[in-house]
Amino acid sequence: MLEIKLDDEELKSLFLNEVNMRLDKIELEALLMNSKQLCKYLSLSWPTIEKVFLSDPKFPKIRIGSKWLFPRKEVESYIDIWTIGMKKKQAYVDKKL
């Protein structure tokens, strides 16, 4: 005879982890991000994002009323290019030192 025992708390924990992983995946596939999602995506505070990125006219952004929206794919491309530029600047600074 085969007997299966399930721990309700462990099963609940596994279920919630799986749901959270799927929600994160759905969020990553969303077309637009709001400011809170952008902060999470870049791991930066909103004041830092305002100072570093929103001041750049090339940064992809849409303002609707008082709300900022950011096209995910365009932000990804911008950050890739920005990162390369920052690495080049850092290499130049390191070379001068």
Side-chain angles (χ1 to χ4, degrees):
M1 181 169 161
L2 179 63
E3 185 177 328
I4 298 175
K5 292 183 180 183
L6 298 174
D7 179 347
D8 288 342
E9 288 303 313
E10 181 65 23
L11 186 58
K12 182 179 177 181
S13 175
L14 290 171
F15 176 77
L16 290 175
N17 284 339
E18 183 66 26
V19 168
N20 284 331
M21 285 183 356
R22 290 178 188 230
L23 287 174
D24 288 344
K25 184 178 178 184
I26 289 169
E27 185 177 290
L28 285 176
E29 294 170 354
L31 181 62
L32 297 173
M33 296 182 282
N34 62 29
S35 57
K36 190 173 185 179
Q37 291 166 323
L38 182 66
C39 289
K40 183 178 177 183
Y41 176 71
L42 297 177
S43 298
L44 296 171
S45 69
W46 182 246
T48 300
I49 289 172
E50 285 181 309
K51 181 180 176 184
V52 175
F53 298 114
L54 288 185
S55 60
D56 182 353
K58 295 177 189 171
F59 187 75
K61 57 192 174 281
I62 303 165
R63 188 164 186 166
I64 301 175
S66 63
K67 186 172 185 170
W68 285 103
L69 296 174
F70 307 91
R72 183 177 299 276
K73 296 291 182 193
E74 291 177 41
V75 168
E76 289 173 0
S77 296
Y78 177 93
I79 293 299
D80 288 343
I81 293 166
W82 180 83
T83 303
I84 291 167
M86 292 304 290
K87 286 180 181 179
K88 286 180 182 178
K89 282 183 183 177
Q90 187 60 48
Y92 178 75
V93 168
D94 291 345
K95 198 173 190 179
K96 286 188 93 175
L97 297 176

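Just the heavy atoms: all of them, side chains too, but no hydrogens, waters or symmetry mates, feed the values below. Position 1 is the first residue of the sequence; numbering continues from there. In this text the structure is predicted, and so the values were computed from the model without any measurement.
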Is there a path from [X] to [Y] through hydrophobic residues (I, L, V, M, F, W, Y) whose side chains come within less than 4.5 Å of each other?
| X | Y | value |
| --- | --- | --- |
| Leu23 | Leu16 | yes |
| Leu31 | Leu69 | yes |
| Ile79 | Met86 | yes |
| Val19 | Leu11 | no |

With Cys39, which of Ile49, Leu44, Thr48 fulfils side chain to side chain contact (heavy atoms under 4.5 Å, CB included)?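 Exactly one option meets the side chain to side chain contact (heavy atoms under 4.5 Å, CB included) with Cys39, and it is Ile49.
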Does the Arg72 side chain pair with the main chain of Glu74, one donor and one acceptor, at a distance under 3.5 Å?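 Not confirmed, Arg72 side chain does not pair with Glu74 backbone.
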For the backbone of Glu9 and the side chain of Ser13, can you confirm whether one donor and one acceptor N or O come within less than 3.5 Å of each other?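 Absent.
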Do the side chains of Asp56 and Trp82 get nearer than 4.5 Å, heavy atoms only?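 Side-chain contact under 4.5 Å: no.
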Minimum side-chain heavy-atom gap Phe53-Leu38 below 4.5 Å: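 No, their side chains stay 4.5 Å or more apart.
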Reported [atom1]-to-[atom2] distance for the pair [X] and [Y], which is rounded to 0.5 angstrom:
| X | Y | atom1 | atom2 | result |
| --- | --- | --- | --- | --- |
| Glu50 | Trp68 | CD | CH2 | 9.0 Å |
| Ile64 | Ile62 | CD1 | CD1 | 6.0 Å |
| Glu76 | Tyr41 | CD | OH | 3.5 Å |
| Glu18 | Met21 | CD | CE | 4.0 Å |
| Lys40 | Asn34 | NZ | CG | 11.0 Å |
| Leu54 | Phe70 | CG | CZ | 5.0 Å |

